[in-house]
Trainee: 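Take a look at this one; I'll ask things after.
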2 protein chains.
Amino acid sequence: MTSIRVLLADDQALVRGALAALLSLEPDLEVVAEVGRGDEVVEAALRSVPDVALLDVEMPGADGIEATAALASAVPDCRVLVVTTFGRPGYLRRAMEAGASGFVVKDTPARQLAEAVRRVHAGLRVVDPSLAAETLVAGRSPLTARETDVLRAARDGGTVADLAASVHLSEGTVRNHLSAAIGKTGSRTRAEAVRIAEQNGWL
Amino acid sequence: MTSIRVLLADDQALVRGALAALLSLEPDLEVVAEVGRGDEVVEAALRSVPDVALLDVEMPGADGIEATAALASAVPDCRVLVVTTFGRPGYLRRAMEAGASGFVVKDTPARQLAEAVRRVHAGLRVVDPSLAAETLVAGRSPLTARETDVLRAARDGGTVADLAASVHLSEGTVRNHLSAAIGKTGSRTRAEAVRIAEQNGWL
DNA sequence: GATCATCCCTGACATTTGTCACGGTGACCT
DNA sequence: AGGTCACCGTGACAAATGTCAGGGATGATC
């Protein structure tokens with residue numbers, strides 16, 4: 001029996017190498033490529049032809065979701081298993097919509113990772129059950145495109161004038177969008193709205 | 001020659017297990033304990049008598065800095081190597097002041113981790129050179145104790161009234177501390193001050 | 001004992017922020 | 001064609017925020 005070829009993508013070199021060591025302990029798994037940026041995933045996949053890609057969500061270049069979408073269209077035979085630090089509902093939803101076969105949080109026991117890779121390779125879906133439930137109740141983002149833009153720009157904590165400049169809108173409009181976002185997130189402050197939206201993976 | 005006994009502390013089970021796998025590849029290293037919380041470190045160290053403790057900074061219960069201090073007084077023979085996702089100047093400074101022998105960022109190549117453990121065990125200090133330089137220019141936190149408290153409480157984005165309640169201060173005092181923090185961080189907004197202070201590891 | 005820094009508080013002020021009501025545009029669907 | 005929805009803007013208002021100038025209290029340092 002031929003072994004399962006795995007591509008590893010994580011921006012933290014130490015974690016990446018450690019995961020490689022972990023998976024290499026399994027006789028039926030073989031790590032054939034490692035990258036540290038989201039925009040290097042497709043290129044590496046074309047070169048090494050992996051069966052399964054293990055993608056982190058937080059990465060420079062392109063995040064794991066974008067990489068998933070790119071990979072699904074460029075190398076459709078390669079299944080995607082997304083691994084992430086943060087179990088945010090929006091991440092799970094967007095990852096699955098982008099074509100991922102599995103979604104694993106970094107809290108899960110190390111023993112289960114290899115098994116998750118095998119399941120994904122076998123065509124099954126692997127999803128953390130509690131996170132799946134959370135995703136269902138959280139629903140998809142209630143924010144409109146512009147509200148998301150404005151809230152994203154508000155993450156680094158500038159004034160309304162700063163936001164207006166960076167999004168090319170009037171100050172009044174920016175405040176309207178912020179007000180709407182505050183209402184939809186059930187918060188009382190711009191900063192709180194940012195925090196909630198971020199926790200849900202809406203940004 | 002007897003092998004180096006290593007204790008592993010990281011809240012993410014997957015990363016913890018992966019690091020264990022990575023270190024276990026080295027014939028002269030032996031992982032003798034794994035914990036997922038900062039407040040379990042000392043207990044585990046007393047039981048397993050490690051030579052080197054690998055501590056993550058971000059952990060529930062007690063963070064890696066607090067765990068370092070506790071370990072240094074409870075098990076002084078055990079050297080501490082701090083590993084962290086974020087290379088924040090304040091983290092490095094506080095870790096060293098708490099008695100750590102080394103400080104490694106998770107960006108470093110996996111190959112170097114085992115070598116870092118060996119160096120620390122040999123009594124040497126291991127510090128990322130670029131981060132060390134950054135720490136020198138950043139200096140220690142300019143914030144007073146109360147300013148730090150208030151700014152920490154402001155992280156989740158509540159109103160001044162919320163902060164005043166959570167820190168047991170008058171609203172006016174809270175605003176004064178925030179104003180001082182804004183001035184010292186060279187920012188224009190409370191949220192921006194929080195962001196800057198957080199990036200420098202001052203919270 | 002004087003000096004200094006920090007702390008806590010007050011009160012007042014200008015600015016910013018969040019809210020609301022409103023009008024107008026374009027896209028999409030029925 | 002009409003209805004709905006997101007979008008952009010205006011103007012105006014109350015509330016929250018950031019700033020400043022004070023005063024009193026504490027503890028460390030010289």
Side-chain angles (χ1 to χ4, degrees), chain A residues 90 93-94 97 138-203, chain B residues 90 93-94 97 138-203:
Chain A
R93 157 164 275 125
R94 283 190 288 161
E97 287 175 355
R140 90 182 335 105
S141 170
L143 303 172
T144 76
R146 279 303 178 290
E147 284 161 6
T148 306
D149 288 345
V150 172
L151 216 54
R152 209 194 320 261
R155 272 189 297 191
D156 42 8
T159 70
V160 174
D162 297 341
L163 303 190
S166 95
V167 194
H168 304 295
L169 287 180
S170 143
E171 296 195 13
T173 304
V174 167
R175 289 205 303 229
N176 283 343
H177 285 313
L178 285 176
S179 185
I182 290 174
K184 289 179 179 176
T185 53
S187 53
R188 309 187 61 74
T189 310
R190 174 196 321 192
E192 212 173 348
V194 169
R195 188 173 56 82
I196 292 178
E198 216 160 30
Q199 282 175 355
N200 289 25
W202 292 342
L203 300 187
Chain B
R93 159 164 274 126
R94 284 190 289 160
E97 288 175 353
R140 89 180 339 103
S141 171
L143 303 173
T144 75
R146 279 304 180 288
E147 284 162 6
T148 306
D149 288 344
V150 172
L151 215 55
R152 205 192 325 258
R155 272 189 297 192
D156 42 8
T159 70
V160 175
D162 297 342
L163 303 190
S166 95
V167 194
H168 305 295
L169 287 180
S170 144
E171 294 195 14
T173 304
V174 167
R175 290 208 304 237
N176 282 344
H177 285 312
L178 285 176
S179 185
I182 290 173
K184 288 179 180 176
T185 54
S187 53
R188 308 186 61 74
T189 311
R190 175 194 322 190
E192 211 172 350
V194 168
R195 188 173 57 81
I196 293 178
E198 217 159 28
Q199 281 176 355
N200 288 27
W202 293 342
L203 299 187

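Order of the sequence lines fixes the chain letters, A, B, ..., with proteins taken first and strands second; residue numbering starts at 1 for each chain.
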Trainee: If you fit an axis to the five pairs at each end of the helix from C/dG1-D/dC30 to C/dT30-D/dA1, how big is the angle between those two axes, to 10 degrees?
Mentor: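 Between the axes fitted at each end of the helix from C/dG1-D/dC30 to C/dT30-D/dA1 lies an angle of 40°.
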Trainee: Filter on salt bridge (Lys or Arg N to Asp or Glu O under 4.0 Å), then keep only pairs touching residues 193-203 of chain A, sequence neighbours left out; what's left?
Mentor: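 For residues 193-203 of chain A: A/R155-A/E198.
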Trainee: Tell me which residues in residues 140-154 of chain A put a heavy atom below 4.0 Å from DNA chain D, sorted by number, or none.
Mentor: A/T144, A/A145, A/R146
Trainee: Just how far, in rounded Å, is C1' of C/dT10 from NE2 of B/H177?
Mentor: 14 Å
Trainee: A/R188: which residues meet the side chain to side chain contact (heavy atoms under 4.5 Å, CB included) condition with it, sequence neighbours left out?
Mentor: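 Once residues adjacent in sequence are excluded, the partners of A/R188 under the side chain to side chain contact (heavy atoms under 4.5 Å, CB included) criterion are A/E192.
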Trainee: Any chance you could lay out the side chain to side chain contact (heavy atoms under 4.5 Å, CB included) test for B/L151 and B/K184, step after step, and finish with the verdict?
Mentor: CA-CA 12 Å; B/L151 215 55; B/K184 288 179 180 176; over 6 Å; no
Trainee: For A/R152, which of A/V150, A/D149, A/D156 qualifies under side chain to side chain contact (heavy atoms under 4.5 Å, CB included)?
Mentor: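 Answer after filtering A/V150, A/D149, A/D156: A/D149.
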Trainee: Nearest whole angstrom, please: distance from the P of C/dT16 to the CG of B/L178.
Mentor: 17 Å
Trainee: Does anything in residues 159-173 of chain A reach DNA chain C, meaning a heavy atom under 4.0 Å, and if so which residues?
Mentor: A/T159, A/V160
Trainee: Quiz question: going by heavy-atom distance under 3.5 Å, is there a donor-acceptor pair between the base of C/dC8 and the side chain of B/N176?
Mentor: no
Trainee: By a strict heavy-atom criterion of less than 4.0 Å, which residues belonging to residues 188-203 of chain A are in contact with DNA chain D?
Mentor: none
Trainee: Among residues at least two apart in sequence or on other chains, which ones pass side chain to side chain contact (heavy atoms under 4.5 Å, CB included) with B/S166?
Mentor: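 Result, side chain to side chain contact (heavy atoms under 4.5 Å, CB included) vs B/S166: B/A153.
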Trainee: Just to verify, what does B/S187 make a side chain to side chain donor-acceptor pair (under 3.5 Å) with, not counting sequence neighbours?
Mentor: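 Here the qualifying residues are B/T185.
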Trainee: Which donor-acceptor pairs under 3.5 Å do the side chains of residues 167-183 of chain A make with protein atoms, sequence neighbours left out?
Mentor:
from	atom 1	to	atom 2	distance (Å)
A/S170	OG	A/G172	N	3.1

Trainee: Rounding to a whole Å, what distance do you find between A/R175:CZ and C/dT16:C1'?
Mentor: 8 Å
Trainee: First contact, last contact: which nucleotides of DNA chain D are these for chain A, 5' to 3', heavy-atom distance under 4.0 Å?
Mentor: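 Extent of the interface on DNA chain D: D/dA6 to D/dA12.
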Trainee: Do you know the tightest heavy-atom contact between B/P142 and B/E147?
Mentor: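 Closest approach of B/P142 to B/E147, heavy atoms only: O-OE1, 4.3 Å.
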Trainee: A/E97: which residues meet the side chain to side chain contact (heavy atoms under 4.5 Å, CB included) condition with it, sequence neighbours left out?
Mentor: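 For A/E97, the residues satisfying side chain to side chain contact (heavy atoms under 4.5 Å, CB included) (neighbours in sequence not counted) are A/R93, A/R140.
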Trainee: Which heavy atom of A/G201 sits nearest a heavy atom of A/R94, and at what distance?
Mentor: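 So the two residues come closest at O-NH2, 2.9 Å.
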Trainee: Closest heavy-atom contact between B/L143 and B/A197?
Mentor: CD1-CB, 4.3 Å
